[in-house]
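Numbers here are sequence positions counted from 1. Worth knowing before you read on, the calculation uses all heavy atoms, side chains too, and leaves out hydrogens, waters and symmetry mates.
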Amino acid sequence: EAWDDKTAKARLADFEKRCKGSPSLAERNQALDELAAGAHKSLVKTLVRVVETDKAVVIKKRAVELLGNQPRNVANPAIRKLLASGAANSNPPVQAELVRALARCGYESKQWKDVEELFESDYDNARIPVHEAILDLVIEHKEKAALPLLLRNFDEPSAENVHDASNPPAEYWKARWHAWAAWKGKVKAALTAITGQTFSSAAEAKAWLAKNLRK
């Protein structure tokens, strides 16, 4: 529901009152529930503060979810700013929720750069929810700019030259394989969403794209 200025001001005042002192997790969650019914640009600043300062992941995620419901012209840049912040980078569940919020809050192809590097920056298995959220965004928006990333992550990962001194350690390849095993189906689904075709390898996909994809 789009709140008018008066309603938003009253609800925010009540929220601040509820959050004074040291409210419990349940009380903080209930306070957020009171904001869940409405959308107004003035809510964005408060929700961003909750994401940045609350200690509980469940509260941070709930605040991000509500942030994605706010007016796009204000919430979209706020979400992208949070995605770039160190606090989000150190908290994969929150970062994944931010990607999902961005996907439904005015995402545009030019914003792909804001999420692309989050995928390949780290294949630690704790970040699998982030990888999956990004792939879901690609599927939902049929994001052609993601094609290079999809092709790099289509095939089963393995070292090209295990004796090369610059080759990442075995731990890297183990983590990357487990991540790939978790979301390989989404990579295929993303390519299908963009092209309307199914592929069995990156080479097959590259060959088709070279012949058929119009820039």
Side-chain angles (χ1 to χ4, degrees), residues 51-65 68 79-103 107 109 111-195 198-209:
V51 176
E52 292 178 330
T53 63
D54 201 283
K55 302 299 183 183
V57 171
V58 66
I59 297 297
K60 289 176 179 285
K61 290 176 64 178
R62 180 64 166 148
V64 171
E65 180 186 355
I79 292 168
R80 289 188 284 117
K81 186 175 180 180
L82 283 169
L83 272 173
S85 71
N89 288 330
S90 63
N91 199 321
V94 175
Q95 195 172 58
E97 199 66 39
L98 284 165
V99 173
R100 296 190 186 284
L102 179 63
Y107 171 80
S109 186
Q111 295 168 2
W112 172 244
K113 64 182 184 297
D114 294 318
V115 296
E116 179 179 18
E117 63 180 23
L118 304 179
F119 194 100
E120 295 175 306
S121 63
D122 193 342
Y123 287 98
D124 186 281
N125 289 178
R127 294 184 57 76
I128 288 175
V130 179
H131 302 153
E132 292 181 328
I134 293 172
L135 291 171
D136 285 339
L137 179 150
V138 173
I139 293 169
E140 179 181 349
H141 292 276
K142 298 179 174 59
E143 182 52 77
K144 290 183 179 180
L147 284 170
L149 181 148
L150 297 175
L151 294 173
R152 290 193 298 269
N153 290 277
F154 190 98
D155 296 330
E156 182 175 3
S158 62
E160 292 184 5
N161 186 353
V162 296
H163 302 296
D164 190 329
S166 63
N167 185 51
E171 292 78 8
Y172 166 85
W173 291 107
K174 182 179 180 180
R176 182 167 178 179
W177 189 92
H178 282 290
W180 170 83
W183 40 249
K184 61 181 179 180
K186 286 184 182 290
V187 174
K188 290 184 178 181
L191 273 169
T192 299
I194 295 170
T195 66
T198 56
F199 306 102
S200 59
S201 68
E204 182 183 345
K206 288 178 182 177
W208 187 91
L209 289 167

Asker: Would you give the length of the straight line joining atom CG of Leu98 to atom CD of Gln95, rounded to the nearest 0.5 angstrom?
Answerer: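 It is 7.5 Å, given to the nearest 0.5 Å.
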
Asker: Are any side-chain N or O atoms of His141 and backbone N or O atoms of Ala103, one a donor and one an acceptor, separated by less than 3.5 Å?
Answerer: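 Yes, the answer is positive, given that a donor and an acceptor are paired below the 3.5 Å cut-off.
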
Asker: Restricting to non-hydrogen atoms, name the atom on Ala202 and the atom on Asp155 that form the minimum distance, rounded to 0.1 Å.
Answerer: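 That would be N-OD1, 3.0 Å.
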
Asker: Establish, from distance only, whether the side-chain atoms of Tyr107 and Glu143 form a donor-acceptor pair under 3.5 Å.
Answerer: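 A pair is found: one side chain offers a donor N or O, the other an acceptor, under 3.5 Å apart.
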
Asker: Kindly compute the distance separating CG (Leu82) from CG (Leu102), expressed to the nearest 0.5 Å.
Answerer: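 Spacing of CG (Leu82) from CG (Leu102) equals 11.0 Å.
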
Asker: Side chains of Leu191 and Leu147: does their closest heavy-atom pair fall under 4.5 Å?
Answerer: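 Side-chain contact under 4.5 Å: yes.
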
Asker: Applying side-chain contact (heavy atoms from CB on, under 4.5 Å), run through Asp114 and Ile79 and close with a yes or a no.
Answerer: CA-CA 10 Å; Asp114 294 318; Ile79 292 168; over 6 Å; no

Asker: Hey, are Glu116 and Lys113 close enough for a salt bridge, meaning a charged N less than 4.0 Å from a carboxylate O?
Answerer: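 No.
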
Asker: Tell me every residue that passes salt bridge (charged side-chain N to carboxylate O under 4.0 Å, His left out) with Arg100, counting only those two or more places apart in sequence or in another chain.
Answerer: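 By the salt bridge (charged side-chain N to carboxylate O under 4.0 Å, His left out) rule, Arg100 matches Asp136.
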
Asker: Kindly indicate, with the supporting measurements, whether the criterion side-chain contact (heavy atoms from CB on, under 4.5 Å) is fulfilled by Val130 and Asp122.
Answerer: CA-CA 10 Å; Val130 179; Asp122 193 342; over 6 Å; no

Asker: Rounded to the nearest 0.5 Å, what's the gap from NZ on Lys142 to OG1 on Thr192? Could you check?
Answerer: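 Taking NZ in Lys142 and OG1 in Thr192, the distance rounds to 11.0 Å.
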
Asker: What heavy-atom pair brings Ile128 and Trp183 nearest, and what distance separates the two atoms?
Answerer: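 Heavy atoms of Ile128 and Trp183 come nearest at CG2-CD1, 4.1 Å.
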
Asker: Tell me the closest heavy-atom pair linking Pro157 and Trp177, and the distance in Å.
Answerer: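 Scanning both residues, the minimum pair turns out to be CG-CA, 3.7 Å.
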
Asker: For residues Leu135 and Leu150, determine if any side-chain heavy atom of one lies less than 4.5 Å from a side-chain heavy atom of the other.
Answerer: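 SC-SC contact between Leu135 and Leu150 confirmed.
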
Asker: Atom CD of Glu52 and atom NZ of Lys60: how far apart are they, to the nearest 0.5 Å?
Answerer: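 Answer rounded to 0.5 Å: 8.0 Å.
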
Asker: Can you tell me if Glu156 has over 12 outside heavy atoms packed within less than 6.0 Å of its CD?
Answerer: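 Count over threshold, so yes.
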
Asker: Within the structure provided, determine whether His178 and Lys174 are in side-chain contact (heavy-atom separation under 4.5 Å).
Answerer: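 They are in side-chain contact.
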
Asker: Rounded to the nearest 0.5 Å, what separates atom CG in Asp124 from atom NE2 in His131?
Answerer: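 Answer for the CG-NE2 pair, Asp124 versus His131, is 8.5 Å.
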
Asker: Could you work out, with side chain to side chain contact (heavy atoms under 4.5 Å, CB included) as the rule, every residue matching Glu120, not counting sequence neighbours?
Answerer: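 Applying side chain to side chain contact (heavy atoms under 4.5 Å, CB included) to Glu120 gives Tyr123, Leu149, Arg152, Asn153.
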
Asker: Locate the shortest heavy-atom distance separating Arg127 from Leu118; write the atom from each residue and the value.
Answerer: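 Between these two residues, the closest heavy atoms are NH2-O, 2.9 Å.
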
Asker: For Val99 versus Leu137, what's the shortest heavy-atom pair and its separation?
Answerer: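 That closest heavy-atom pairing would be O-CD1, 4.0 Å.
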
Asker: Which heavy atom in Pro92 sits nearest to a heavy atom in Ala126, and how many Å separate them?
Answerer: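 Residues Pro92 and Ala126, closest heavy atoms: CB-O, 3.3 Å.
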
Asker: Might you confirm whether atom NZ of Lys61 has over 12 heavy atoms from other residues, nucleotides or ligands at distances under 6.0 Å?
Answerer: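 Counting other residues, nucleotides and ligands, NZ of Lys61 stays at 12 neighbours or fewer.
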
Asker: Measure from the side-chain N and O atoms of Trp180 to the backbone N and O of Phe154, and report whether any donor-acceptor pair falls under 3.5 Å.
Answerer: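 Indeed, once roles are kept as given, a pair shorter than 3.5 Å links the two residues.
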
Asker: Distance from Thr195 atom OG1 to Lys144 atom NZ, nearest 0.5 Å?
Answerer: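 So the gap between those two atoms works out to 10.0 Å.
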
